[in-house]
Undergrad: 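Quick one: the structure is below, questions incoming.
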Amino acid sequence: MKFTPLIFLSILISLLASCEEKPKKKIDIKPAVEIVKKSFPQHSYSNIKEVHTTHLHLDLDVDFDKKTIYGVARHEMKNYGAKEAIFDIKGLKIQKVTLGHEPEAEIETNYVVGESDSILGEPLTVTLDSATTFVNIYYQTTEKSEALDWLDPEMTGGKKLPFLYSQGEAILTRSWIPLQDVPSNRITYSADVKVPKEMLALMSAENPVEKNEEGIYHFEMKQAIPSYLIAIAVGDLVYEKLGENCGVYSEPNLIDKCVYEFEELPLMIKSAEKLFGKYQWEQYDIVILPYSFPFGGMENPRLTFANPTLIAGDRSLVSVIAHELAHSWSGNYVTNKTWNDFWLNEGFTVYIENRIMEDLYGTEVADMLALIEFQELEIELKTIAAGPHPYDTHLKLFLDGRNPDDGMTTVAYVKGAMFLKTLETRVGRANFDVFLKRYFKEYGFKTLTTEEFENFLREHLLNPMRIKFNLKEWLYEDGLPSNCVKIESKRFNNIQALANKLALGEDIFKVKWKKDKIKREDYTTQEWLAFIRTLPDTLPQGTMALIDKNLNFKACGNSEIMAEWFVLGIQNNYKAVFPPMRKFLIKVGRRKFIEPIFEELVKNADNKVWAKDLYKTARNNYHYITRSTVDEILNN
Ligand code: BES
Ligand code: ZN
């Protein structure tokens, strides 16, 4: 190479630049070996660019005796001339594959099941001819169908009939339906489902409101949705209407409590529509599943799946419903194109949830909710930064070769929401709301990436307003930018002051002149969480007992508070929490509660033995998702 003056100059410049004293940004060392091994950035084997499903019809027979679904997945496809279609499957038994529309006109075709990957499952490659538009896959689920939770009668509320539900997000739908399991391909679906006569079947679709004689139900989802939102629940379920276009399903024993707990649902829907535009799914119902459901809620369209721990008896946990309802806009209507853009689903949803809560219950309540989440974010940012994947603190993720569930952290949820809150503050709420409505209209029933969002934001908000904003830092860099808005709460300061007094030995429950005794009902869930989190792990047993006697967190029925109290109990070696905690761990499978308790238990050798013993009973009561998390905690 000849050293022309230009090359010399550029070398000099780059040398100088490298000497410059810049604060060093952490460079992400991406796991190169993993990427080479399995590079499926969409977390799917499917070849949707060549051939993709537009409509899926399911014929399903739900057999509780064998804990198996026998199914036919009939794919109507747009084929751009492909000679093969690749579907995702995981733990499914494939019986045969046919081509052709009418059942009479079906012709068997060749297929190959490829090598299995522990995260992605297996590719199912079906031979087509280039004009094929109908592919029918005959299959059955197995005990390895991770999405499905088959519950024996004793695990249900009624204790007489079994229960089945599915959990598809992020990439588990392929474990109960052979399909192209990728969020960027939206499809409509229909289904004919046969279940035992005494049971009702529900899906994320137009639903029946009562059982029928035959136990055969037909479903239609006419709006195009991503595959992770296809869902089913079968059980002894009844329905109560709560408003014009909303209601709740649950087992008979819980239905009255549900009606009370969710009475304000019509108001919530109104509030969300006022803020973000028309509700696009006609009907909004909730189904309360058994306690094993691994989440508080899952936003299956038209039918949110919810955990019975939301039924606190005092409507104190309805923000989870605000959250799932919010997904009707962010997530279900406008969807992340890849799991690396997960924050577009959850960050927006936490932001919208908070706006709904503010609209209905005021700023004080909304701020407390946001502050509790923010505390969790601060802790998790530190944990991630010190761990093997420090770049997981970016909003735009890099999950190639990893389980997309690894991206399910408070970064997507809370950093995402804080980003939007900061933007809102910068441009003014009125302008931001106009922008959001436009965003939902523009991308409704579509999917997008973080980069596409970034462009849209510049073009329709920042540039017209001539506003400079550190977008790149928020989206693609570590940690929390310094312009992040600060959330303050006087009520938090007060309850934290109370906790501090208690920690210093004061009996805060003694009635003082003109003051009422402190009661649990006088404070919100978030205040009690802040209270418990302020208490140290060095409290005298007497102080723990004092709290226990006066506030009775361990049996208060509010699962958020109970779970937090159990953790504090373990930290302080307060033995009285162990019996109720044992009961809780055996009954409830919601991962958000179970995980931190087990994490705390394994820190001490005796507690670990206790946890392992209890887990022998509890494990069977958890969904695969919670089970695999706890397995990992206990086996390390
Ligand atoms: N969509 C999520 C649950 C989910 C995320 C399942 C990723 C599988 C993979 C749901 O909307 C959710 O966030 N639920 C939270 C609610 C909370 C943030 C209010 C839960 O269950 O705790
Ligand atoms: Zn969510």
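Here the structure is a predicted model, which means the values were calculated and not measured. Just so you know, these numbers use all the heavy atoms, side chains as well, and skip hydrogens, waters and symmetry mates.
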Undergrad: Are any side-chain N or O atoms of T626 and backbone N or O atoms of G589, one a donor and one an acceptor, separated by less than 3.5 Å?
TA: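 Yes, because the side chain of T626 sits within donor-acceptor range (under 3.5 Å) of the backbone of G589.
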Undergrad: Side chains of N558 and T525: donor-acceptor distance under 3.5 Å anywhere?
TA: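 Yes - a donor-acceptor pair under 3.5 Å links their side chains.
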Undergrad: Would you say that P308 contacts I288 through its side chain, given a criterion of any heavy-atom pair below 4.5 Å between the two side chains?
TA: yes
Undergrad: Report yes if some heavy atom in the side chain of Q167 is under 4.5 Å from a heavy atom in the side chain of D149; otherwise report no.
TA: no
Undergrad: Once rounded to the nearest 0.5 Å, what's the spacing between atom CG of L480 and atom CE of M418?
TA: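 If I round to the nearest 0.5 Å, the distance is 7.0 Å.
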Undergrad: Do the side chains of R402 and H389 get nearer than 4.5 Å, heavy atoms only?
TA: yes
Undergrad: Should we say atom NZ of K144 is surrounded by more than 12 heavy atoms from elsewhere, each under 6.0 Å from it?
TA: no
Undergrad: Within this structure, what is the CE-OH distance for the pair M155 and Y291, rounded to the nearest 0.5 Å?
TA: 10.5 Å
Undergrad: Yes or no on side chain to side chain donor-acceptor pair (under 3.5 Å) for E380 and T410, after CA distance, side-chain angles and deciding distance?
TA: CA-CA 7 Å; E380 191 151 31; T410 51; 2.6 Å; yes
Undergrad: Apply the test side-chain contact (heavy atoms from CB on, under 4.5 Å) to residues S559 and L317: give CA-CA distance (whole Å), side-chain angles for both, the deciding distance (0.1 Å), then the verdict.
TA: CA-CA 9 Å; S559 50; L317 301 176; 4.0 Å; yes
Undergrad: Do the side chains of R302 and D285 get close enough for a salt bridge, i.e. N-O under 4.0 angstrom?
TA: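 Judged by the 4.0 Å cut-off on N to carboxylate O distance, R302 and D285 do not form a salt bridge.
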Undergrad: Less than 4.5 Å apart, side chain to side chain, heavy atoms only: is that true for E169 and N300?
TA: no
Undergrad: Quick check: does any side chain N or O of T393 sit under 3.5 Å from a backbone N or O of G479, one acting as donor and the other as acceptor?
TA: yes
Undergrad: Within a 6.0 Å radius of atom CD on E632, are there more than 12 heavy atoms belonging to other residues, nucleotides or ligands?
TA: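 No, CD of E632 has 12 or fewer neighbouring heavy atoms, counting only those of other groups under 6.0 Å.
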Undergrad: Could you list the residues that satisfy salt bridge (Lys or Arg N to Asp or Glu O under 4.0 Å) with E599, not counting sequence neighbours?
TA: none
Undergrad: Determine whether more than 12 heavy atoms belonging to other residues, nucleotides or ligands lie under 6.0 Å from atom NZ of K257.
TA: no
Undergrad: When rounded to the nearest 0.5 angstrom, what is the spacing between NZ in K415 and CG in L381?
TA: 7.0 Å
Undergrad: Are D117 and K90 close enough for a salt bridge, meaning some N to O gap below 4.0 Å?
TA: no
Undergrad: Spell out, as yes or no, whether a donor-acceptor pair under 3.5 Å connects the side chain of D341 to the backbone of T450.
TA: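 Indeed, once roles are kept as given, a pair shorter than 3.5 Å links the two residues.
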Undergrad: Given side chains that start at C-beta, do those of Y523 and I518 come closer than 4.5 Å, heavy atoms only?
TA: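 Yes, their side chains come closer than 4.5 Å.
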Undergrad: Could you state the interatomic distance from OG1 (T524) to CH2 (W528), rounded to the nearest 0.5 Å?
TA: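 One gets 9.5 Å once the value is rounded to the nearest 0.5 Å.
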Undergrad: Would you call K160 and D236 a salt bridge, using N to O less than 4.0 angstrom?
TA: no
Undergrad: With side chains defined as the heavy atoms from C-beta onward, is the minimum distance between F578 and N607 less than 4.5 Å?
TA: yes
Undergrad: With the threshold set at 4.0 Å, does a side-chain nitrogen-carboxylate oxygen contact exist between R590 and E560?
TA: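 Looking at E560 together with R590, the answer is yes, because their closest N to O distance falls below 4.0 Å.
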Undergrad: Which atoms form the tightest heavy-atom contact between A530 and I372, and what is the distance?
TA: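 The pair with the smallest heavy-atom distance is N-CD1, 3.9 Å.
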Undergrad: Within the side chain of T156, is there an N or O that forms a donor-acceptor pair under 3.5 Å with the backbone of K159?
TA: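 Judged by distance alone, yes, a pair lies under 3.5 Å.
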Undergrad: Side chains of S330 and T349: any donor to acceptor distance under 3.5 Å?
TA: yes
Undergrad: Regarding R520 and the six-membered ring of F553, is the cationic atom NZ or CZ under 6.0 Å from the ring centre and inside 45° of its axis?
TA: no
Undergrad: Out of curiosity, Y165 OH to L202 CG, how far, rounded to the nearest 0.5 Å?
TA: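 Taking OH in Y165 and CG in L202, the distance rounds to 15.0 Å.
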Undergrad: Between the main-chain N or O of E146 and the side-chain N or O of S175, is there a donor-acceptor pair closer than 3.5 Å?
TA: yes
Undergrad: Do E488 and D367 touch side chain to side chain, with heavy atoms closer than 4.5 Å?
TA: no
Undergrad: Let me confirm one number: the CD1-CG distance from I286 to L325, rounded to the nearest 0.5 Å.
TA: 8.5 Å
Undergrad: Do N550 and K517 get their side chains close enough for a donor-acceptor pair, meaning under 3.5 Å?
TA: yes
Undergrad: Kindly give the heavy-atom pair with the smallest separation between L267 and L360, and that separation in Å.
TA: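 Distance-wise, the nearest heavy atoms are O-CD2, 4.0 Å.
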Undergrad: For P266 and C246, which heavy atoms make the closest approach, and how far apart are they?
TA: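 Result for this residue pair: CG-SG, 3.9 Å.
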Undergrad: Specify whether F419 and W474 have parallel, tilted or perpendicular ring planes, treating 30° as the upper limit for parallel and 60° as the lower limit for perpendicular.
TA: tilted
Undergrad: Does any donor atom in the side chain of Y228 or E299 lie under 3.5 Å from an acceptor atom in the other side chain?
TA: no
Undergrad: Looking just at side-chain N and O atoms, do N345 and N336 make a donor-acceptor pair shorter than 3.5 Å?
TA: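 Side-chain D/A pair, N345 to N336: present.
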Undergrad: Are F584 and F566 near enough that their ring centres are under 6.0 Å apart?
TA: yes
Undergrad: Which pair of non-hydrogen atoms, one from L242 and one from F262, has the smallest distance, and what is that distance?
TA: CD1-O, 3.7 Å
Undergrad: Looking at K67, I want to see if its NZ is surrounded by more than 12 non-hydrogen atoms of other residues, nucleotides or ligands under 6.0 Å.
TA: yes
Undergrad: When the ring centroid of Y615 is compared with that of W610, is the distance short of 6.0 Å?
TA: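 When the ring centroids of Y615 and W610 are compared, they turn out to be at least 6.0 Å apart.
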Undergrad: Applying side-chain contact (heavy atoms from CB on, under 4.5 Å), run through V62 and W150 and close with a yes or a no.
TA: CA-CA 11 Å; V62 180; W150 297 90; 3.8 Å; yes
Undergrad: What I want to check is whether the side chains of Y284 and S328 have a donor and an acceptor closer together than 3.5 Å.
TA: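 There is no such pair (donor and acceptor under 3.5 Å, judged by atom type) between the side chains of Y284 and S328.
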Undergrad: Looking at side-chain heavy atoms only, is the closest gap between F295 and H623 below 4.5 Å?
TA: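 Contact flag for F295/H623 side chains = no.
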Undergrad: Restricting to non-hydrogen atoms, name the atom on E527 and the atom on M368 that form the minimum distance, rounded to 0.1 Å.
TA: CG-SD, 3.5 Å
Undergrad: Verify the neighbour count for atom NZ of K490: are there more than 12 heavy atoms of other residues, nucleotides or ligands below 6.0 Å?
TA: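 No, because the 6.0 Å sphere around NZ of K490 holds 12 heavy atoms or fewer from other groups.
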Undergrad: Tell me whether T629 contacts the main-chain N or O of I625 through its side chain, where contact means a donor paired with an acceptor under 3.5 Å.
TA: yes
Undergrad: I need the minimum non-hydrogen distance between P226 and P183, along with the two atoms involved.
TA: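 Looking at all heavy atoms of both residues, the closest pair is CB-O, 3.6 Å.
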Undergrad: With no hydrogens and no angle check, just 3.5 Å: does a side-chain donor-acceptor pair link D631 and S628?
TA: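 No donor-acceptor contact under 3.5 Å links the two side chains.
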Undergrad: Is the backbone N or O of V259 less than 3.5 Å from a side-chain atom of E240, with the two atoms forming a donor-acceptor pair by type?
TA: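 Judged by distance alone, no pair lies under 3.5 Å.
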Undergrad: Using only atom types and a distance under 3.5 Å, with no angle test, would you say the side chain of N572 pairs donor to acceptor with the backbone of P536?
TA: yes
Undergrad: Quiz question: by atom type and distance under 3.5 Å, do the side chains of E346 and H327 form a donor-acceptor pair?
TA: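 There is such a pair between these side chains.
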Undergrad: Between E376 and K592, is the salt bridge (Lys or Arg N to Asp or Glu O under 4.0 Å) condition met? List the steps.
TA: CA-CA 12 Å; E376 287 157 16; K592 175 185 167 192; 5.9 Å; no
